[in-house]
Amino acid sequence: MELSLDEFASLARERLDPAVWDFIEGGAGEERTLAANTAAFDRVPLRPSVLRGAGSPHTGTTILGRTWDAPLAVAPVAYHTLADPAGEVATVRGTAAAAGLPVVISTFAGRTFEDIAAEATVPLWLQVYCLRDRSLTRGLIERAENAGFEALVLTVDAPHLGRRLRDLRNGFRLPAGTVPANLPVDGFADPAAHSRADFDPGLDWSVVEWLRSVSELPLLVKGILTGADAVRAAEAGVDGVMVSNHGGRQLDGVPATLDVLPEVAEAVGGRLPVLLDGGVRRGRDILAALALGADAALVGRPVLHGLAAGGAGGVTGVLSVLLDELTDAMSLAGLRTLADIGPSLVGRAPDHPRRSTVDAGKNAGTDQRTAAGGGAGLRLADLHPSVADPVMDTMNFLNEVTLRYPEAVSFAPGRPYAEFFETEQVFRHLRRYLDHLAEQGRSPAQVRDALFQYGPSAGVIRELIAHSLRVDEGIDVPPESIVVTVGCQEAMFLTLRALMSGPDDVLLVSSPCYVGITGAARLLDVAVTAVEEGEGGLSCDALEAAVAAERARGRRPRAVYVVPDHSNPSGATMPLEARKSLLELAQRLDVLVLEDSPYRHVSPGTQVASLKALDRTRRVIHLGSYAKTVFPGARLGFAVADQPVLAPDGGTSLLADELAKIKSMVTVNTSPLSQAAVAGALLESGGRVSELNARNAAHYGEAMRFTLQCLEREFPAARRTRLGVRWNAPSGGFFLTLQVPFRADNSALARSAQDFGVIWTPMSYFYPQGGGLHTLRLSTSYLTHADIEKGISRLAGFIEFECGDPVV
């Protein structure tokens, strides 16, 4: 097994004709620039930062509106068929098997755009040489766009091919059968002669406007080596720049791309994504490029080496080596996410912009042109680091896949079943609440104000919520200990802001974990430590060990977040004894427990007592939501925070009072209309939300049972054993998890959606410090039985297919 890119190169050299090897490997002139590209990376030292508690690194990023599994793409290289008869088709297969990374297809591809796209489950970009015959160039672009390509990459450093001495000495001609599959086949045997005949040597910046008139696809320019040209590119309205010297194959003597990268990144100033190619041969090279200002790096020749060494599997091997090396380097350098990478990693003064994951959408060119022309352009590096954190973008890919494949059965959204809601319910609830206010002796003016005025930050229906908690949950707390929030997400945000007072304060989370809490923590610069979850939920032993480890680092664990009932994402439920043990441990360790249980009352059967109901020492802050139990559009949640707070003067208040102060500076108050609608529902049910949702809970329970039955039918014991597939069987809630022997990542999800018509959620999204790579989440809540049956059948076909050639 090859463990480095050099080993793949050695294999490729053995298997390729010497003249073909020279054509692929050679550079222009004396090949000084070719050598400089790799030497530049050798000169850059990495400076790790230790005891950072980084855990398992996250390599995801977003560029041009697309989520990539890592800041790496396949650079455009002509004629992949020189290395393998399947050519670019094998390349996209091999790339997809490694990760969800873009592949830039050359104008001079050896396979047709249509054939390549038919096999691709990764993003495809088209590298464009603008030919003298503009109609031919237009036709290429239209074909690529029709095939589903997602961006154009205009090569701007090639009015003709450079003087490549190896090819001249060899008298190189393309081997018989190697042709540009997307162009007329005559006259291409001598690439250098063809370039002088057909490339347009008179190109200027007006070509950008012409390309904009031809296609609405995002446009990048490849071949930028100066800050001045980067500014011109931005002013011309491109969507990204690629720092490139054509792999040292054009003008010999130009600098290495890594050496000019800081200048280009500074000139761009975060307005556009900056990509780099040339000389990337190790995972740590990618780190160096990102530290010096790139958003991603591209690799070219090594992909052909892998292709020649082992076809699609060789490409997978090359990219897997790079990705493994990248993850390893990040871990050893103390880097948790790409947002942690900055100039200090390479020992350079921060006199150029930090690496930025610019999410430049398809129509972002207008905004970028405004910024380039003197408007108030901002550098992403100057914004809060959370905006570049992958946890903030976990749902974008799912939304994109769902929209892209509307006919697919989607097990991704965890939303309530739509048939439970009727428009008249809202008006009935509102009228019930208004009648309640009148019954209390409120005047017409007071009733009107209850709907139309702001109201107190802590909320106007706290008494009704307190009554409901008491009669339905056995949670007996005074109304003043409750803060009514804009959804449970705000309750999380307020609680974290109040509890986490300094950089050494730590939030512990049960892992896998709902991304809403980790996203809120990232926004607030709160350190998160994952604690292992077992079949019965959070492990107390793992929690105690995590608290001890954090304190040994000099940090202060403040709270642990858990979803004890039918959790999102795993579906696990904590047994009663485990809950009691958690409360005892929290008391002994002096940490608070943040309890979030949105699925209790939409699950069948008698529920285990909540942590707050068992709490006798005010250890638990209970975070609630009516999204599942009343209706999601109300966007209404609450926090029960009855912990006493001692002031310096000896006075006391409740933690809820402090949360209300913070809320008054954020959302001011929760919509009185939403509060009124939820209040009406609580009044109608006498506060017993469990009874209000009895029918709903039965439906969701039956949906879960039917899904499990379908899985049993599609995967009988013998087939499960053969495939290495297993799943859990939650007693309620919306979610279950399925373990598979292949990598269940974004690339696999795209294949599942495109080829099999079924969508699910990669569980890796929910592991704050890495994990879940071979597990997927299924939501059963909003689908009909017919959809569930069809979806599980399709899922079985997908899993069978993937297991035929598993990626592990």
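We use all heavy atoms of the structure for the numbers below, so side chains are in, but hydrogens, waters and symmetry mates are not.
- Side chain of Arg336 to backbone of Met330: no donor-acceptor contact under 3.5 angstrom is found.
- By the 4.5 Å heavy-atom criterion applied to side chains, Val122 and Leu101 are not counted as neighbours.
- The side-chain heavy atoms of Ile105 and Gln127, taken from C-beta on, include no pair separated by under 4.5 Å.
- In this structure, the side chain of Gln425 engages the main chain of Glu422 through a donor-acceptor pair within 3.5 Å.
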Between Val318 and Val321, does a side chain to side chain contact (heavy atoms under 4.5 Å, CB included) hold up when you go through it step by step?
CA-CA 5 Å; Val318 164; Val321 165; over 6 Å; no
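- Side-chain contact annotation: Gln739 with His774, donor-acceptor N/O pair under 3.5 Å absent.
- At least one donor-acceptor pair under 3.5 Å links the side chain of Thr518 to the backbone N or O of Val515.
- Taking 4.0 Å as the cut-off between side-chain N and carboxylate O, Arg720 and Glu712 count as a salt-bridged pair.
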Could you go step by step and tell me if Leu538 and Leu582 meet the side chain to side chain contact (heavy atoms under 4.5 Å, CB included) rule?
CA-CA 9 Å; Leu538 180 75; Leu582 173 59; 3.8 Å; yes
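- A donor-acceptor contact shorter than 3.5 Å links the side chain of Ser603 to the backbone of Gly733.
- No donor-acceptor pair closer than 3.5 Å links the side chain of Thr62 to the backbone N or O of Thr67.
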Please walk me through it: do Arg635 and Glu490 pass salt bridge (charged side-chain N to carboxylate O under 4.0 Å, His left out)?
CA-CA 10 Å; Arg635 297 303 305 136; Glu490 187 187 35; over 6 Å; no
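- The backbone N or O of Ala717 lies less than 3.5 Å from a partner atom in the side chain of Thr721, making a donor-acceptor pair.
- Between the Thr81 side chain and the Asp84 main chain, no donor and acceptor come within less than 3.5 Å of each other.
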Side chain to side chain donor-acceptor pair (under 3.5 Å) evaluation trace for His601 with Ser690:
CA-CA 5 Å; His601 294 313; Ser690 56; 4.6 Å; no
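- Using a 3.5 Å distance cut-off with no hydrogens or angles, the side chains of Asp596 and Tyr561 do pair a donor with an acceptor.
- Between Met492 and Leu594, every side-chain heavy-atom pair lies at or beyond the 4.5 Å cut-off.
- If you check the side chains of Tyr782 and Glu419, you find no donor sitting under 3.5 Å from an acceptor.
- For Phe631 and Phe420, the gap between ring centers reaches or exceeds 6.0 Å.
- Interatomic distance, Gln709 CD to Arg713 CZ, rounded to the nearest 0.5 Å: 7.5 Å.
- Centroid-to-centroid, the aromatic rings of Tyr417 and Phe734 stay 6.0 Å apart or farther.
- Figure legend: cation-pi geometry between Arg794 and Phe756 absent, as NZ or CZ is not positioned both under 6.0 Å from the six-membered ring centre and within 45° of its axis.
- The aromatic ring centroids of Phe113 and Phe149 lie less than 6.0 Å from each other.
- Across Gly791 and Val758, no two heavy atoms sit closer than the pair O-CG2, 3.6 Å.
- Contact check for Phe706 versus Thr780: no side-chain heavy atoms found under the 4.5 Å cut-off.
- Salt bridge annotation for Glu88-Arg111: absent, with no cationic side-chain nitrogen under 4.0 angstrom from a carboxylate oxygen.
- Among all heavy-atom pairs drawn from Ser610 and Arg579, the shortest one is CA-NH1, 3.9 Å.
- Between the side chain of Asp340 and the backbone N or O of Leu335 there is no donor-acceptor pair closer than 3.5 Å.
- Side-chain N or O atoms of Thr775 include none that pairs as donor or acceptor with a backbone N or O of Leu738 at under 3.5 Å.
- Counting non-hydrogen atoms of neighbouring residues, nucleotides and ligands closer than 6.0 angstrom, the CZ atom of Arg726 reaches no more than 12 such neighbours.
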What's the verdict on side chain to side chain contact (heavy atoms under 4.5 Å, CB included) for Val103 and Val303, showing C-alpha distance, side-chain angles and the deciding distance?
CA-CA 10 Å; Val103 178; Val303 172; over 6 Å; no
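- Side-chain contact between Leu323 and Leu72 is present, with at least one heavy-atom pair separated by less than 4.5 Å.
- Put simply, CG on Leu304 and OG1 on Thr91 are 7.0 Å apart, with the number rounded to the nearest 0.5 Å.
- Between Ala572 and Glu535, the shortest heavy-atom distance links the atoms CB-O, 3.7 Å.
- Side chains of Leu508 and Val528 form no contact here, defined as non-hydrogen atoms less than 4.5 Å apart.
- Checked by atom type and distance alone, the side chain of Asp745 pairs as donor or acceptor with a backbone atom of Ala748 at under 3.5 Å.
- Annotation: the span from Arg705 atom CZ to His785 atom NE2 amounts to 8.5 Å, rounded to 0.5 Å.
- Applying side-chain hydrogen bond (donor to acceptor under 3.5 Å, both in side chains) to Arg600 and the options Thr629, Asp565, Asn693 leaves one that passes, Asp565.
- Residue Met574 holds its CE atom at 8.0 Å from OG of Ser510, rounded to the nearest 0.5 Å.
- Scanning all heavy atoms of the two residues, the minimum distance from Ser625 to Cys488 falls at CB-CB, 3.8 Å.
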Audit row: Leu124, Ile116, side chain to side chain contact (heavy atoms under 4.5 Å, CB included) steps and yes/no:
CA-CA 9 Å; Leu124 298 179; Ile116 299 167; 4.0 Å; yes
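- Of all heavy-atom pairs spanning Val315 and Leu307, the tightest one is CG2-CD1, 3.7 Å.
- Atom CE of Met704 sits about 9.0 Å away from atom OG of Ser781, to the nearest 0.5 Å.
- Using a 4.0 Å cut-off between a side-chain N of Lys or Arg and a carboxylate O of Asp or Glu, Arg751 and Glu802 qualify as a salt bridge.
- No hydrogens or angles considered: a donor-acceptor pair under 3.5 Å links the side chains of Ser752 and Trp760.
- The closest side-chain donor-acceptor pair between His566 and Gln607 falls under 3.5 angstrom.
- Shortest non-hydrogen contact noted between Ser570 and Glu533 is OG-OE2, 2.6 Å.
- Side-chain N/O atoms of Glu532 and Ser511 include no donor and acceptor closer than 3.5 Å.
- In this structure, a donor-acceptor pair under 3.5 Å is absent between the side chains of His58 and Thr337.
- Between Val509 and Val531, every side-chain heavy-atom pair lies at or beyond the 4.5 Å cut-off.
- Considering only heavy atoms from C-beta on, Leu326 stays 4.5 Å or farther from Asp324 through its side chain.
- Aromatic ring orientation, Phe735 versus Tyr599: perpendicular (interplanar angle above 60°, classes split at 30° and 60°).
- For the pairing with Val409, the side-chain contact (heavy atoms from CB on, under 4.5 Å) check across Leu783, Leu795, Ile792, Ile759 returns one residue only, Leu783.
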Might you work through the side chain to side chain donor-acceptor pair (under 3.5 Å) test for Thr112 and Asp115, ending with a clear yes or no?
CA-CA 5 Å; Thr112 68; Asp115 285 349; 3.3 Å; yes
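- With Pro730 as reference, Leu736 is the one residue of Leu736, Thr737, Thr573 to meet the side-chain contact (heavy atoms from CB on, under 4.5 Å) rule.
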